[in-house]
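One structure is given below, encoded as structure tokens.
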Amino acid sequence: MARDEPPLLRRLAARLVGWEALRLRRAFLRNLRRSSDVQRRTLLGMLRAHAGSDFGRRHGFASMKTVDDFRRGMPITTYDDVAPYVERVRQGETTALFGRGTGVLMFAMTSGTTHRPKYIPVPRQFLKAYRRGWMVWGINAFADHAGAWQSRILQLVSAMDDERAPCGLPCGAMSGLTAQAQRRGARGLYVLPSCCAAIKDTAAKHYVALRLALEHRSLIILSANPSTLLALARTMDERKDELLRDLADGTLSSQIAVAGEVRDRLAARLTAMPDRAGELSRLAERAGRLLPKDAWRLPVLGCWKGGTLTLYLRQFARYFGDAAVRDIGLIASEGRMTLPLTDEGSAGPLDIGAMFFEFLPAVDGQPAGSDTLLPHELQVGGEYFLLLTNAAGLYRYHIGDVVRVTGVIEGTPLVEFLSKGAHYASLTGEKLSEHQVVASVNAALAETGTELSSYCLAATWAEPSPYYSLIVEQSVAADRQRLERLVAAVDRRLRQDNIEYDAKRASQRLGPIRAKVVADGAWLRYDMETIAERRRGLEQYKHKFLVGDVEFERRFAPVPPVQP
């Protein structure tokens with residue numbers, strides 16, 4: 001029999017967590033009605049807490065008494081501006097960036113614009129706001145979907161300790177920390193124990209997740225990337241025979257790449273369920289496949305729905321039936337920015353109590369001015385670059401995200417993610433920068449002895465795995481073998497320079513780069529046509545070496561390479 005109802009003690013613990021989440025939800029909704037005041041108090045509280053840090057003293061936090069004081073006295077920053085202070089914190093000098101007594105738990109790692117990863121400090125206050133946001137999101141999602149309270153939660157997590165900082169603190173994924181920090185009552189709601197974060201092999205992690213999840217009949221599946229949900233669904237069908245055999249026997253196949261210590265911990269959780277396995281086996285035999293919609297009741301799925309990720313959602317009905325899908329919100333290693341409250345679209349109100357927000361108007365993914373706006377000054381339909389100030393030691397931080405305001409709730413803007421800006425591309429969360437692309441291509445050209453005047457790396461949609469096309473002209477492709485070596489070298493170097501691109505390639509959510517050969521002169525014609533369309537002079541035009549719009553690549557008709 002499948003596990004439908006948790007034991008009494010677990011139900012009581014879960015109810016206590018639910019009550020706390022409900023209290024936080026009510027507080028969040030109240031705050032929306034007075035967002036300007038909440039934003040002011042959030043900002044000034046952070047300035048007071050960290051005025052004594054080296055960073056705070058340098059920028060005069062102690063003298064900043066108003067929001068305007070802060071905006072006048074603190075310049076807009078990028079990671080490069082704060083990186084020297086972060087590095088000192090990594091060395092153990094916490095007061096370089098934080099006030100005395102601030103406890104830093106780890107460093108969240110994410111890709112930077114260059115080959116160096118970004119390390120985002122995670123103080124206790126930052127983790128508290130991050131977890132609070134998830135609880136508010138969860139209580140809303142559960143309350144809106146019948147059967148959610150009887151469901152278990154399947155959420156994949158990654159290791160928080162991929163490496164160690166010089167001071168000894170772990171550096172890795174926030175999801176690993178939040179899994180370890182879960183309260184006992186909340187922990188019982190989740191299918192996967194925290195030890196699963198240590199499983200490095202993506203295929204093994206997916207198999208383990210499915211093996212444990214099949215013991216239950218009702219499931220809520222959460223993942224930032226919809227591509228992960230689709231990968232789980234395909235793995236279920238491809239490996240259904242192994243999964244059902246393990247389910248019947250209460251085992252985990254020895255062919256699955258899971259280390260001994262983690263395997264031992266998982267063994268204690270596995271249950272032999274021959275009746276459940278037999279039921280699913282009969283379903284699979286009749287249908288000729290086994291998909292999530294066959295195995296579970298699915299009250300709601302949670303994932304990103306904005307930007308290019310909408311392309312993945314078209315496949316959801318095939319695997320998940322009519323399950324509702326709610327965007328999990330604009331969330332990154334730098335913190336949670338929005339909290340979607342409905343299943344419609346991807347927009348949500350700003351998480352105004354977690355951080356302080358400013359916005360720069362944007363046109364075509366480019367800044368359209370240098371004066372920032374506050375949330376109450378935004379226009380519905382407007383597009384903006386988002387700046388954030390938070391407990392991670394980031395102040396007026398230009399994260400590079402372009403967002404659009406879709407409406408207002410209780411005086412607080414509803415915001416949806418559009419893109420990473422004109423110089424970024426992200427098909428499934430890899431966040432490639434044009435800087436990384438140019439550096440990788442230049443290195444690959446030197447490595448392969450190839451000359452290349454114009455090119456573009458363009459996002460290309462394909463199922464099951466999208467990829468990037470390196471668009472080059474026909475004469476460059478005369479030596480097919482050299483072209484193939486060039487493309488492989490670019491792919492390899494991007495994997496070295498961008499940890500998130502590497503992760504997506506390793507999990508096969510992204511395919512390898514492919515060459516697309518176009519007619520000689522195609523780039524000159526495109527550049528001239530674009531200059532004419534935009535009515536700007538040649539001196540104001542910059543050729544794009546990276547494009548994230550999947551429609552762009554389709555504008556160029558392929559031609560065969562010149563035969564040697």
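Treat the numbers as computed from the prediction; the structure is a model and nothing was measured.
Side-chain contact between Cys171 and Arg90 is present, with heavy atoms from C-beta onward closer than 4.5 Å. A heavy-atom distance below 4.5 Å is not found between the side chains of Tyr319 and Asp237. Between Leu105 and Arg124 there is a side-chain heavy-atom pair separated by less than 4.5 Å. Under the 4.5 Å side-chain criterion, counting only non-hydrogen atoms from C-beta, Leu510 is in contact with Glu430. Val325 has its side chain out of reach of Asp343: every pair of non-hydrogen atoms, C-beta onward, lies at least 4.5 Å apart. Side-chain contact between Pro340 and Asn140 is absent, with no heavy-atom pair separated by less than 4.5 Å. At least one side-chain heavy atom of Leu230 sits under 4.5 Å from a side-chain heavy atom of Phe320. Looking at Val550 and Leu311, their side chains come closer than 4.5 Å, going by heavy atoms from C-beta outward.
The CG atom of Leu232 lies 5.5 Å from the CG atom of Leu156; values are rounded to the nearest 0.5 Å. The distance from atom CD of Gln496 to atom CG of Asp491, rounded to the nearest 0.5 Å, is 10.0 Å. With rounding to the nearest 0.5 Å, the separation of CG in Asp246 from CD in Gln255 is 10.5 Å. Between atom CD1 of residue Ile220 and atom OG of residue Ser151 there is a gap of 4.5 Å, rounded to the nearest 0.5 Å. Here the OG-CG distance, from Ser440 to Asn498, works out to 9.0 Å after rounding to the nearest 0.5 Å. Asp401 CG to Ile399 CD1: the interatomic distance, rounded to the nearest 0.5 Å, is 5.0 Å.
Salt bridge absent: Arg336 and Asp351 never bring a charged side-chain N and a carboxylate O closer than 4.0 Å. Ion pairing between Glu215 and Arg269 fails under the 4.0 Å rule for side-chain N and carboxylate O. At a threshold of 4.0 Å, the pair Glu484-Arg514 does not count as salt-bridged, since none of the basic side-chain nitrogens sits closer than that to a carboxylate oxygen. A salt bridge links Glu416 to Arg404: at least one charged side-chain nitrogen sits closer than 4.0 Å to a carboxylate oxygen. One finds no salt bridge joining Arg505 and Asp502 here, because no Lys/Arg side-chain nitrogen approaches an Asp/Glu carboxylate oxygen to under 4.0 Å.
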Stepwise salt bridge (Lys or Arg N to Asp or Glu O under 4.0 Å) test for Glu242 and Arg245: CA-CA 5 Å; Glu242 297 167 78; Arg245 189 161 51 247; 5.5 Å; no
Derivation and outcome, salt bridge (Lys or Arg N to Asp or Glu O under 4.0 Å), residues Lys516 and Glu553: CA-CA 9 Å; Lys516 180 171 185 176; Glu553 172 266 334; 2.6 Å; yes
Stepwise side chain to side chain contact (heavy atoms under 4.5 Å, CB included) test for Phe142 and Val300: CA-CA 8 Å; Phe142 273 54; Val300 63; 5.8 Å; no
Pair Phe316-Cys303, side chain to side chain contact (heavy atoms under 4.5 Å, CB included): steps then yes or no: CA-CA 11 Å; Phe316 268 38; Cys303 65; 4.1 Å; yes
Intermediate values then yes/no, salt bridge (Lys or Arg N to Asp or Glu O under 4.0 Å), Arg314 and Glu463: CA-CA 11 Å; Arg314 300 172 187 173; Glu463 296 182 22; over 6 Å; no
Stepwise side chain to side chain contact (heavy atoms under 4.5 Å, CB included) test for Arg326 and Leu301: CA-CA 6 Å; Arg326 179 166 296 192; Leu301 308 173; over 6 Å; no
Side chain to side chain contact (heavy atoms under 4.5 Å, CB included) between Ser426 and Leu432, worked out: CA-CA 6 Å; Ser426 193; Leu432 281 182; over 6 Å; no
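With sequence neighbours left out, Tyr79 forms a ring pair (Phe, Tyr, Trp, His ring centres under 6.0 Å) with no residue at all.
Below 30°, between 30° and 60°, or above 60°: for Phe126 and Tyr130 the angle between ring planes is below 30°, a parallel geometry. In this pair, Tyr501 and Tyr468 present their aromatic rings tilted. The plane angle is within the 30 to 60° band.
Counting non-hydrogen atoms of other residues, nucleotides and ligands closer than 6.0 Å to CD of Glu163 gives a total above 12. Taking a 6.0 Å sphere around NZ of Lys200, one finds it holds more than 12 heavy atoms contributed by other residues, nucleotides or ligands. In this structure, Glu87 places its CD atom where more than 12 heavy-atom neighbours from other residues, nucleotides or ligands lie under 6.0 Å away.
Here the closest heavy-atom approach between residue Asn390 and residue Met46 is recorded as C-SD, 3.2 Å. The shortest heavy-atom contact between Ala392 and Pro123 is CA-CD, 4.0 Å. Here the closest non-hydrogen pair linking Ala197 and Lys205 is O-NZ, 3.9 Å. Taking all atoms of both residues into account, the shortest heavy-atom contact from Arg509 to Ser227 is CD-OG, 3.0 Å.
Identified under the ring pair (Phe, Tyr, Trp, His ring centres under 6.0 Å) test for residues 294-314, with sequence neighbours left out: Tyr312-Trp461.
Side-chain atoms of Arg211 come within 3.5 Å of backbone N or O of Thr251 as a donor-acceptor pair.
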Pair up each side-chain donor or acceptor in residues 283-290 with any protein partner under 3.5 Å, not counting sequence neighbours, and list the distances.
{"unit_1": "Arg289", "atom_1": "NH1", "unit_2": "Asp294", "atom_2": "OD1", "d": "2.8"}
{"unit_1": "Arg289", "atom_1": "NH1", "unit_2": "Asp294", "atom_2": "OD2", "d": "2.6"}

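Side chain to side chain, Thr110 and Glu500 meet the donor-acceptor criterion of an N or O pair below 3.5 Å. When only modelled atom types and interatomic distance are considered, Arg234 and Gln315 share a side-chain donor-acceptor pair under 3.5 Å. No hydrogens or angles considered: a donor-acceptor pair under 3.5 Å links the side chains of Thr460 and Ser469.
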